[in-house]
Amino acid sequence: MTYILVRSPDSDETVELPTEDDNSLCLATLTAQFPDAIGLRYESPETGAMRGLRASEGKLLPPEDGWSNHVYFCTIAKGIKRKVDQDVDVASSAKSKMRTVDLIVLGLPFSCDESTMREYFSQYGEVVTSEIKKDSHTGKSKGFGFVHFKDFDSQIQVLAKKHFIGGRLCEVKIPNEKTEAEASHRLFVGQLNPTITEDDLKEYFSEFGAIADTYIPKNPFRGFAFITFIDPNVAALISKGEHVIKNNRVKVLEATPRLSKSKAVEKKEREGYYDRNNGGGQWRKMEEDHYSGKGSITAFPGDRH
DNA sequence: GTTGAGCGTT
């Protein structure tokens with residue numbers, strides 16, 4: 001059994017799918033990960049055109065020369081797209097993901113020099129830049145470096161693998177990329193005016209990446225919203241501060257990670273909030289008691305929803 | 001002269 005690399009043309013995710021004993025790929029295996037896929041294609045090294053895989057009896061058959069290490073793209077059934085897929089389409093035109101970047105290479109042998117590293121990575125495609133970080137005084141390697149590929153496909157291949165360079169196992173990653181656990185998928189959008197709808201937000205922010213959810217707390221309207229992106233790292237890339245949506249100047253912040261119920265209670269107690277309805281939905285800051293009692297509810301990033 | 005999780009003098 002081998003694994004082949006499969007991407008949806010719209011998504012930023014590459015998934016390894018296992019092949020069967022007869023070296024075919026089950027369509028069911030494909031659709032388990034990509035529900036709307038009906039086939040696979042890859043870029044032909046000879047012609048540069050996309051070449052489709054033969055499909056037969058619920059199986060996809062490998063190219064004549066084997067699966068090789070192509071990146072396979074899902075063929076998506078046209079005309080039966082759901083709304084969420086259209087959002088994903090918008091994301092594919094967003095600049096954030098389909099770009100090559102410097103990749104950090106961790107765990108290099110201290111003895112490994114730049115030409116050795118560059119030569120190693122050249123097997124995946126043209127290397128644009130490569131560099132090993134060194135101590136500025138001694139000139140000795142710090143054991144990590146950076147590599148930048150010309151083609152996005154090379155980058156995908158390299159990120160999907162572990163590497164032995166100079167006899168050591170090295171890790172290649174996108175620098176500073178947060179893990180699923182650390183990352184915030186969400187933006188906090190404040191100073192929202194009540195005429196703004198969730199569709200307005202969706203339209204505006206889908207420019208930056210595929211949106212999983214938009215949420216505007218209503219009853220009462222509280223002047224803020226949350227935008228949840230599919231990709232955990234998109235939110236971090238959007239410039240914080242002022243954005244203008246339909247003539248409404250709004251304030252964009254990265255939402256603080258969602259807290260568990262008990263943690264949220266602890267935090268609010270620490271900060272001097274109390275639960276007005278003893279289990280109901282509204283929190284008020286204690287100082288509000290000194291005012292009319294009808295003051296607006298204090299909202300802040302990290303509020304539950 | 002040693003080391004082994006991390007995140008880049010320009």
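For clarity, every value in this text was computed on a predicted model and none was experimentally measured. Letters A, B, ... are given to chains in the order of the sequence lines, protein chains preceding strands, and every chain is numbered from 1.
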Exercise answer: donor-acceptor pairs, residues 63-70 of chain A side-chain atoms, under 3.5 Å, sequence neighbours excluded:
residue: A:W67; atom: NE1; partner: A:N23; partner atom: O; Å: 2.8
residue: A:W67; atom: NE1; partner: A:N23; partner atom: OD1; Å: 3.2

Return the 5'-most residue of the pair A:R168, A:S136 with respect to DNA chain B, ranking by each residue's nearest nucleotide.
A:R168

Among residues at least two apart in sequence or on other chains, which ones pass side-chain contact (heavy atoms from CB on, under 4.5 Å) with A:T195?
A:N193

Quick check: does any side chain N or O of A:E254 sit under 3.5 Å from a backbone N or O of A:A235, one acting as donor and the other as acceptor?
no

Considering only heavy atoms, which members of residues 107-123 of chain A lie under 4.0 Å from some atom of DNA chain B?
A:G107, A:L108, A:P109, A:F110

How would you list all residue pairs meeting salt bridge (charged side-chain N to carboxylate O under 4.0 Å, His left out) that involve residues 100-115 of chain A, not counting sequence neighbours?
A:E114-A:K134

Members other than A:L61 in its cluster, when Ile, Leu, Val, Met, Phe, Trp, Tyr link by side-chain heavy atoms under 4.5 Å?
none

Would you mind listing every side-chain hydrogen bond (donor to acceptor under 3.5 Å, both in side chains) that reaches into residues 159-175 of chain A, with sequence neighbours excluded?
A:Y120-A:H163

Kindly give the cluster partners of A:F164, where membership spreads through any ILVMFWY side chain lying under 4.5 Å from a current member.
A:L169

Contact boundaries of DNA chain B with chain A (under 4.0 Å, heavy atoms), 5' to 3'?
B:dT3 to B:dT10

ILVMFWY cluster membership beyond A:Y3 - transitive side-chain contacts under 4.5 angstrom:
A:M1

Residue closer to the 5' end of DNA chain B, A:F144 versus A:K133 (nearest nucleotide):
A:F144

